[in-house]
Asker: 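Just passing along the structure, written as structure tokens.
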Amino acid sequence: MNLEDTLKEFLYHVQAKNFSVRTIKGYRNNNAKFFVYLLSEFSIDELEDIKPLHVKSYLMFLKNKGRKETYINTILKAIRAFFNFCEEEDYVLPKNNPCNKVKWMKEPKTLIKTFTDDEIKAMINVYNTTTYLEARNKLIIMMFTDLGIRCLELCDLLESNVTETSIIIRGKGNKERYLYISPVLKKYMIKYERIKKMYFKDSLKSYPHYFLSNNGYPLTVTGVEKFIKIAGQKAGVRQEIRCSPHSFRHYFAQKQLQNGLDVYSLSRLLGHEGIEITKIYLQSLDDTKIVDSAINTSPLMTI
């Protein structure tokens with residue numbers, strides 16, 4: 001079977017499974033680059049001709065270009081997804097699936113550095129509640145801090161997904177998860193909702209999103225990333241910390257673990273498919289913070 005034709009079918013397959021636009025784009029681009037390599041290096045453009053050696057050769061090609069192990073494993077994940085589809089469709093037999101004999105690259109231990117408590121407070125205080133945009137930006141930073149949600153999840157959040165005590169998040173693969181609204185967060189949500197209602201009372205706003213631009217349109221990931229970066233600069237966040245929505249997710253995860261939440265529960269709050277990714281945050285905790293947490297969970301102290 002021709003690789004290009006099979007890739008087209010695979011992309012329709014993942015669209016039908018409701019994968020995110022970002023995931024589909026990654027699957028398409030990463031597999032297409034792999035196929036270009038196969039054609040240029042081995043003159044291969046047929047599915048049946050690909051062997052484990054060819055996949056391993058491509059991974060080593062990437063490594064020799066200076067790509068990190070985490071990046072290479074992301075590429076391999078896309079290639080595996082393609083061949084797993086081919087196996088499901090009986091285009092290749094399990095014994096002929098080249099990825100079944102290719103191991104993941106061993107990744108170095110990841111130590112994630114994120115915001116301090118003081119930096120979080122400073123970023124929240126960059127904005128006030130005197131205008132709609134100020135109130136909106138302040139609440140967005142508070143939501144990132146208290147809920148650990150992804151930027152796209154925040155942009156897609158609908159008013160109907162917000163209840164009195166919880167928020168329904170539709171994450172990757174359109175999977176739902178429920179997040180609790182803390183009293184502190186609820187206080188500012190009520191204030192924001194009041195300001196928002198007044199701001200748009202005479203407009204023709206028709207979008208059902210919880211957060212809107214000053215013109216009444218849904219927010220974009222790029223737009224949110226921009227004002228988060230500005231907030232970090234105004235708050236004096238350390239230069240070595242990447243001031244982005246995802247860094248709040250790191251802060252949320254580490255803070256929850258430090259406060260005693262188990263890794264399994266954290267995995268569900270973050271919307272991870274398994275705990276392997278969540279464990280990275282556990283590895284990144286300073287030993288001193290783990291010791292401090294252990295004091296609160298001492299067996300003798302709790303008898």
Side-chain angles (χ1 to χ4, degrees), residues 110-157 162 167 169 179-196 198-199 209-215 217-261 266 269-271 278 280-286 288-290 292-293:
T110 303
L111 295 177
I112 300 173
K113 293 185 178 180
T114 188
F115 307 117
T116 64
D117 292 349
D118 288 339
E119 287 171 338
I120 289 289
K121 292 176 184 176
M123 280 187 285
I124 291 173
N125 291 331
V126 163
Y127 299 104
N128 52 50
T129 55
T130 56
T131 67
Y132 167 69
L133 289 183
E134 291 272 328
R136 184 202 67 184
N137 292 353
K138 187 182 188 74
L139 180 58
I140 285 176
I141 292 177
M142 294 180 73
M143 275 200 172
F144 279 141
T145 301
D146 216 35
L147 301 177
I149 58 178
R150 301 177 178 93
C151 190
L152 183 58
E153 292 172 344
L154 180 132
C155 293
D156 290 343
L157 182 65
V162 179
I167 292 176
I169 298 295
L179 300 178
Y180 170 71
I181 301 174
S182 70
V184 174
L185 184 61
K186 185 64 178 181
K187 171 186 173 182
Y188 281 93
M189 288 176 68
I190 293 172
K191 186 175 295 187
Y192 163 75
E193 289 165 7
R194 184 176 65 250
I195 295 172
K196 177 186 176 185
M198 290 294 296
Y199 184 79
H209 296 72
Y210 189 75
F211 292 109
L212 297 172
S213 70
N214 61 323
N215 294 321
Y217 291 96
L219 301 185
T220 64
V221 170
T222 302
V224 175
E225 289 176 340
K226 184 177 180 179
F227 89 73
I228 290 295
K229 186 176 181 179
I230 293 173
Q233 292 171 346
K234 291 182 176 180
V237 173
R238 291 160 294 157
Q239 290 187 350
E240 64 266 27
I241 302 299
R242 182 168 176 263
C243 201
S244 70
H246 206 73
S247 293
F248 284 94
R249 196 164 158 84
H250 296 328
Y251 173 84
F252 169 83
Q254 292 190 11
K255 196 69 177 178
Q256 288 283 11
L257 289 169
Q258 185 183 344
N259 290 340
L261 185 69
L266 177 59
L269 290 177
L270 290 170
T278 318
I280 294 174
Y281 298 111
L282 186 61
Q283 296 171 356
S284 299
L285 282 181
D286 293 337
T288 53
K289 293 181 179 179
I290 295 176
D292 290 341
S293 298

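Below, each value reflects all heavy atoms present in this structure, side chains not excepted, and no hydrogens, waters or symmetry copies. Predicted model, so just to flag it, every value in this text is computed and none were measured. Index from 1, following the sequence.
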Asker: Which pair of heavy atoms, one from His209 and one from Cys155, lies closest together, and at what distance?
Answerer: CD2-O, 3.3 Å

Asker: How long is the gap from CZ on Phe211 to CD1 on Ile140, to the nearest 0.5 Å?
Answerer: 5.0 Å

Asker: For Ser213 and Leu219, which heavy atoms make the closest approach, and how far apart are they?
Answerer: N-CD2, 3.5 Å

Asker: Between the side chain of Tyr188 and the main-chain N/O of Met143, is any donor-acceptor distance below 3.5 Å?
Answerer: no

Asker: Distance check, rounded to the nearest 0.5 Å: Leu133 atom CG versus Leu212 atom CG?
Answerer: 10.5 Å

Asker: Rounded at 0.5 Å granularity, tell me how far CD1 in Ile149 sits from CG in Leu179.
Answerer: 7.5 Å

Asker: Counting only heavy atoms not in Lys234, do more than 12 fall under 6.0 Å of its NZ?
Answerer: no

Asker: Ring pair (Phe, Tyr, Trp, His ring centres under 6.0 Å) with Phe144: which residues, sequence neighbours excluded?
Answerer: Phe248

Asker: With Tyr217, which residues qualify under ring pair (Phe, Tyr, Trp, His ring centres under 6.0 Å), at least two apart?
Answerer: Tyr207

Asker: Give me each pair satisfying side-chain hydrogen bond (donor to acceptor under 3.5 Å, both in side chains) with a member in residues 122-140, each pair once, sequence neighbours excluded.
Answerer: Asn128-Thr130, Tyr132-Tyr192

Asker: Just verifying a value: how many Å separate Thr114 OG1 and Gln254 CD, rounded to the nearest 0.5 Å?
Answerer: 6.0 Å

Asker: Could you measure the distance from the OH atom of Tyr251 to the CD1 atom of Ile241? Nearest 0.5 Å is fine.
Answerer: 12.5 Å

Asker: Would you name the heavy atoms of Gly148 and Arg249 that are closest together and state the gap between them?
Answerer: O-NH1, 2.7 Å

Asker: Once rounded to the nearest 0.5 Å, what's the spacing between atom CG of Leu152 and atom CG of Leu157?
Answerer: 11.0 Å

Asker: According to salt bridge (charged side-chain N to carboxylate O under 4.0 Å, His left out), does anything in residues 115-125 pair up with another residue at least two apart or in another chain? List the pairs.
Answerer: Asp117-Lys255, Glu119-Arg238

Asker: Between Ile167 and Met189, is the side-chain contact (heavy atoms from CB on, under 4.5 Å) condition met? List the steps.
Answerer: CA-CA 12 Å; Ile167 292 176; Met189 288 176 68; 4.2 Å; yes

Asker: Using the side chain to side chain contact (heavy atoms under 4.5 Å, CB included) criterion, which residues pair with Lys229? Sequence neighbours excluded.
Answerer: Gln233

Asker: Under the side chain to side chain contact (heavy atoms under 4.5 Å, CB included) test, which residues partner Asp146, sequence neighbours left out?
Answerer: Ser182, Leu185

Asker: Using the side-chain hydrogen bond (donor to acceptor under 3.5 Å, both in side chains) criterion, which residues pair with Arg242? Sequence neighbours excluded.
Answerer: Ser244

Asker: Among residues at least two apart in sequence or on other chains, which ones pass side chain to side chain contact (heavy atoms under 4.5 Å, CB included) with Ala235?
Answerer: Ala122, Met123, Val126, Val237

